[in-house]
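To start, the structure itself, in structure tokens.
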Amino acid sequence: MPRYVARFEKGGYTKYISHLDLLRVFKRAFKVMGLDIRYSNGYNPHPKMSFAQPLSLGYSSLCEYLEFETITPHDPESLKEDLAKNLPRDLAITELFQFDSEVKTLAAESDACEYRIFVPFEGTEEEFRDLFTSYMAQDRITALKKMKKTKTMEEVDIKDKIRSWKVSKEGDNAVIDCILDSGSHSNLSPELVIKSFLDFSKLPLMRWDLEVQRVQQFFTDRIRF
Amino acid sequence: MSIDISRQLDKLLKRVEKPGRYIGGEVNSVMKDPEETDVNFCFCFPDIYEIGMSYLGLQILYKVLNDRPGVFCQRAFQPQTDMEELMREEGMPLYTLETKTPLKEMDMVGFTLQYEMSFTTILNMIDLAGIPVKAADRSEDDPLVIAGGPCAYNPEPLWEFIDCFLIGDGENLLPAFTDLYAEMKKSGATKEEFLKEACKLRGVYVPSFYDVKYHEDGTILELCKLVEDAQLPVKRSILPSVEGSAFPVDPIIPMVEAVHDRAVVETFRGCTRGCRFCQAGMIYRPVRERTREKVMELALKQLDNTGHEELSLLSLSSSDHTEFEEMAMDLVDCTKSRQVSLALPSLRMDKFAFNVLQRIQEFKKSGLTYAPEAGTQRLRDVINKGVTENDIFTSVRQALELGWTHIKLYFMIGLPTETYEDLDGIADIARRICDLNYEINGGKGGRFKLTVSVSNFVPKADTPFQWEAQDTPESFRLKHNYLAEKLRNKRIVFNYHDNETSAFEAVFARGDRKTSALLYEAWKLGCKLDGWSEHYRPDLWEQAFMNSGVDKDFYTTRKRSADEIFPWEIVDPCVSREFLRKEAEKAYEAVTTHDCRYGCVGCGINREVRCEKGGIYHA
Ligand code: SF4
């Protein structure tokens with residue numbers, strides 16, 4: 001079955017479009033294009049299309065992946081053009097390519113994601129670096145996480161899940177560039193980093209003062225884009 | 001775009017539910033440079049996004065205006081309460097979805113008046129925009145606040161808040177209005193100067209150009225104009241034909257789910273049936289149809305452009321279209337092949353309708369809907385609802401035989417001349433339908449359910465019942481109890497409407513200028529989104545009546561004398577008062593008036609425009 005991956009940006013205000021609504025937006029665009037999306041078999045057929053990793057509501061992104069299957073093959077270039085025309089203007093398709101792979105889904109192969117976290121900060125870059133360094137220097141970095149199964153809040157140590165980080169200053173913001181575990185084997189939401197960092201640093205900020213952008217997604221070795 | 005707003009907005013949107021409804025940027029929404037356009041217009045819908053975006057009129061006027069290079073039409077809706085609270089806390093004004101510009105910076109903001117219960121929300125939106133709520137307090141820097149839509153036929157409750165009303169079909173009037181504005185803005189005219197010119201356009205009503213004098217008993221002595229060029233009465237604007245009129249085949253496609261995410265085609269405007277309680281049936285005359293070819297074209301284009309999975313027809317009575325049967329069959333075929341579901345609302349339940357419904361399997365989703373409106377033949381004759389008992393039972397029998405399991409009946413109570421015998425009639429119909437079900441489906445009666453919905457009659461301006469008294473809340477309550485008792489049956493679900501809202505609705509439906517004080521008080525006390533049961537505050541409304549000194553009964557339960565001058569007569573619906581009165585007199589005699597497709601019955605609209613369907617019935 002012809003299989004494709006579209007890489008796109010979630011820019012402007014589209015960061016406020018929820019995962020489910022975004023799926024509808026793409027479904028709608030495919031429908032208008034008249035694309036022969038393949039449907040699953042079964043009692044309640046659904047279109048074969050899915051995102052590599054859901055993005056939290058409120059995050060912008062430079063790098064989202066949507067994979068989908070069609071019945072007949074298409075030229076990726078014209079598919080890209082056509083799709084771009086039928087999406088809201090702030091959802092920009094950056095790449096669209098054929099995806100011949102053995103893997104079941106992209107989502108299952110997700111390994112890590114890179115984020116930029118924008119923290120309003122009046123001090124200098126050095127001051128912020130000191131602050132974040134001492135945050136990272138803790139033996140354990142604990143955060144409360146809602147457990148999927150029991151629905152209870154449990155304390156978890158997230159330190160090992162932060163693979164790398166660096167900080168810089170851009171205008172009024174300090175920026176944390178970090179790569180975090182992602183996927184079913186080990187996953188860390190930027191929300192836990194933000195929460196624990198705000199608690200640790202005692203910065204007089206509310207969660208909504210911060211912006212988050214996803215910059216890149218990394219997959220297991222089985223995926224080669 | 002205002003940088004400040006967008007930065008502020010980012011903080012707000014992270015804290016509210018469904019932020020997607022406050023961002024714009026949908027497919028087919030329009031972007032222009034406000035600096036490059038002569039008229040910056042904001043279309044305001046006084047309800048939340050999901051409701052407003054389901055309204056066809058918005059999509060039509062959005063297109064009509066944006067098709068003009070000199071005009072940029074943007075949108076605004078009432079935010080949900082969590083968002084509004086934050087906006088007020090942070091001092092963020094209501095802004096346009098397209099460019100995030102404060103409404104205050106627009107040339108014009110235009111409200112659509114779809115239902116009376118949205119009036120407080122209009123005041124609220126004006127205030128949230130940082131624009132003075134009362135027209136008299138606005139300066140040259142404030143936008144012009146205009147309004148149109150069905151409730152503009154009695155504009156008086158809003159007279160203090162709206163600078164100018166546009167009455168009638170908007171497709172031609174609104175562009176003429178904005179063109180004139182653009183021209184006069186260039187020559188540096190003031191708002192007052194502009195309105196003095198604009199009031200010469202047919203359908204334009206500027207309340208401050210008129211005065212109303214009252215008798216001591218509160219009824220109207222005289223309607224007078226204060227400005228020479230103002231028209232009295234203001235005749236509604238009428239589109240002679242809708243066949244070629246603008247229609248959005250590429251409507252905005254919301255990203256968050258709207259109430260109705262579907263393609264809609266208006267098949268015709270107006271209605272010839274002449275139900276005496278129905279305002280729409282009077283103010284949208286004459287019937288103007290789109291041809292079957294045009295309907296098909298608009299439907300197909302829209303489905304192609306939007307990918308909608310549902311198509312619905314819009315009119316006051318689907319089956320009355322001259323070419324309905326052929327059209328319906330065409331639509332059934334084309335929607336089937338595209339796997340689009342088809343909705344055919346307000347069908348006359350005849351043999352053909354059953355055929356079509358069987359084919360589109362509509363009955364699987366919703367039940368059979370029937371609106372006899374009244375329980376006895378006598379009362380149906382009074383209201384001129386041309387439905388007989390035989391019609392009802394023939395359709396119901398057929399429905400049951402075809403396997404429908406849910407039947408919904410709609411009635412009104414509190415209709416003129418109604419007695420408890422008419423209520424017994426409702427119960428009788430319900431009981432006989434249940435019996436019929438046992439007869440057809442056997443002793444156990446299957447999964448059958450009958451819903452009986454009863455709404456409270458609200459007398460409306462520009463109808464033959466504009467003289468009538470509304471029932472008192474007490475009387476409605478007794479009637480509801482009576483019916484509830486009579487309809488006690490495990491197969492029957494009985495629904496009825498809240499009594500208080502229908503009283504407020506009634507006050508504004510026939511309100512005069514004095515009721516604006518009530519509206520203002522109610523809003524000041526915190527009323528808004530009154531159409532939503534979770535926001536509706538009857539206690540505050542009661543308080544508002546006290547504070548404003550507005551006498552509810554004067555507007556609701558008072559029967560008007562035949563020669564009383566009505567506040568809404570500043571506006572001329574072009575259906576004559578004589579006709580309405582004659583219809584009222586016939587109602588008292590329970591004499592019906594036939595559908596005017598079978599021959600003109602003299603409503604008077606043909607003095608203004610040719611009646612393409614009058615007297616020409618194609619059966
Ligand atoms: S003028 Fe005559 S035909 Fe035309 S709408 Fe009125 S009653 Fe009907």
Side-chain angles (χ1 to χ4, degrees), chain A residues 9-37 39 45-47 55-60 82-93 117-120 171-173 190-191 194 205-213, chain B residues 1 3 5-31 49-50 82-83 86 89-90 95-100 249-258 261-263 300-310 337-340:
Chain A
E9 295 180 3
K10 214 178 172 196
Y13 287 97
T14 59
K15 62 183 166 196
Y16 297 111
I17 294 301
S18 71
H19 184 69
L20 266 181
D21 286 336
L22 191 66
L23 203 59
R24 284 191 332 117
V25 167
F26 275 97
K27 228 170 109 179
R28 191 59 84 87
F30 289 145
K31 186 112 199 260
V32 176
M33 290 159 64
L35 192 65
D36 52 346
I37 289 286
Y39 273 71
H46 56 271
L55 186 69
S56 301
L57 192 62
Y59 289 19
S60 62
D82 210 6
L83 181 55
K85 264 189 275 174
N86 286 294
L87 286 176
R89 57 181 84 79
D90 287 327
L91 290 175
I93 303 290
I117 303 171
F118 296 82
V119 188
D172 296 337
N173 289 316
E191 289 305 308
I194 292 169
L205 294 172
M206 303 302 273
R207 167 62 189 90
W208 53 81
D209 293 321
L210 281 67
E211 292 287 332
V212 186
Q213 181 179 51
Chain B
M1 133 138 69
I3 297 287
I5 280 213
S6 56
R7 197 172 286 172
Q8 236 183 334
L9 194 54
D10 260 327
K11 297 194 177 169
L12 266 51
L13 292 179
K14 292 197 175 58
R15 301 156 70 186
V16 298
E17 262 178 62
K18 291 203 208 156
R21 52 191 162 184
Y22 306 116
I23 63 173
E26 308 93 327
V27 170
N28 293 333
S29 62
V30 173
M31 202 46 126
Y49 178 88
E50 293 93 315
D82 60 342
M83 180 66 171
L86 286 181
E89 221 170 82
E90 303 284 327
Y95 58 88
T96 60
L97 292 190
E98 278 74 3
T99 60
K100 319 289 181 286
V249 289
D250 46 4
I252 303 168
I253 306 172
M255 291 188 266
V256 301
E257 228 162 333
D261 259 328
R262 61 186 186 190
L300 292 178
K301 279 192 182 158
Q302 220 181 134
L303 290 174
D304 281 346
N305 291 342
T306 60
H308 276 304
E309 287 170 356
E310 187 181 343
S337 69
R338 288 164 179 252
Q339 292 172 317
V340 166

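Every value quoted in this text rests on a predicted model; they were computed, and no experiment measured them. Letters A, B, ... are given to chains in the order of the sequence lines, protein chains preceding strands, and every chain is numbered from 1.
- Scanning both residues, Ser29(B) and Arg89(A), for their nearest heavy atoms gives O-NH2, 2.8 Å.
- Taking both residues in full, the closest heavy atoms of Lys100(B) and Tyr13(A) are given as CE-CE1, 3.3 Å, listed atom of the first, atom of the second, then distance.
- Among all heavy-atom pairs drawn from Pro88(A) and Gly25(B), the shortest one is CB-O, 3.4 Å.
- Only the backbone of Leu210(A) comes within less than 4.5 Å of a heavy atom in chain B; its side chain stays farther off.
- In this structure, the side chain to side chain donor-acceptor pair (under 3.5 Å) partners of Tyr49(B), at least two apart in sequence or on a different chain, are Glu26(B).
- Arg207(A) places no side-chain N or O within donor-acceptor distance of the main-chain N or O of Lys14(B), the cut-off being under 3.5 Å.
- Between Glu257(B) atom CD and Asp21(A) atom CG the span is 7.0 Å, to the nearest 0.5 Å.
- With a 4.5 Å cut-off on non-hydrogen atoms, Leu57(A) touches chain B through its side chain but not through its backbone.
- Interatomic distance, CD1 of Ile23(B) versus NZ of Lys15(A), reported as 10.0 Å (0.5 Å rounding).
- With a threshold of 4.5 angstrom between heavy atoms, Asn28(B) does not approach chain A through any atom at all.
- Highest contact tally toward chain A, considering only Arg21(B), Met255(B), Met31(B), is held by Met255(B) [criterion: heavy-atom pairs under 4.5 Å].
- Nearest heavy atom pair, residue Trp208(A) against residue Lys11(B), reads CB-O, 3.6 Å.
- The closest side-chain donor-acceptor pair between Lys18(B) and Tyr16(A), if any, does not fall under 3.5 angstrom.
- Residues of residues 26-37 of chain A lying under 4.5 angstrom from chain B, judged on non-hydrogen atoms, are Arg28(A), Lys31(A), Val32(A) in numerical order.
- Proximity to chain B (any heavy atom under 4.5 Å) is restricted, for Arg24(A), to the side chain, taken from C-beta onward.
- Contact annotation for Asp90(A): neither backbone nor side-chain heavy atoms come within less than 4.5 Å of a heavy atom of chain B.
- At a 4.5 Å heavy-atom cutoff, the contact between Ile253(B) and chain A is made by side-chain atoms alone.
- With respect to chain B, the highest number of heavy-atom pairs below 4.5 Å among Leu87(A), Ile17(A), Leu91(A) belongs to Ile17(A).
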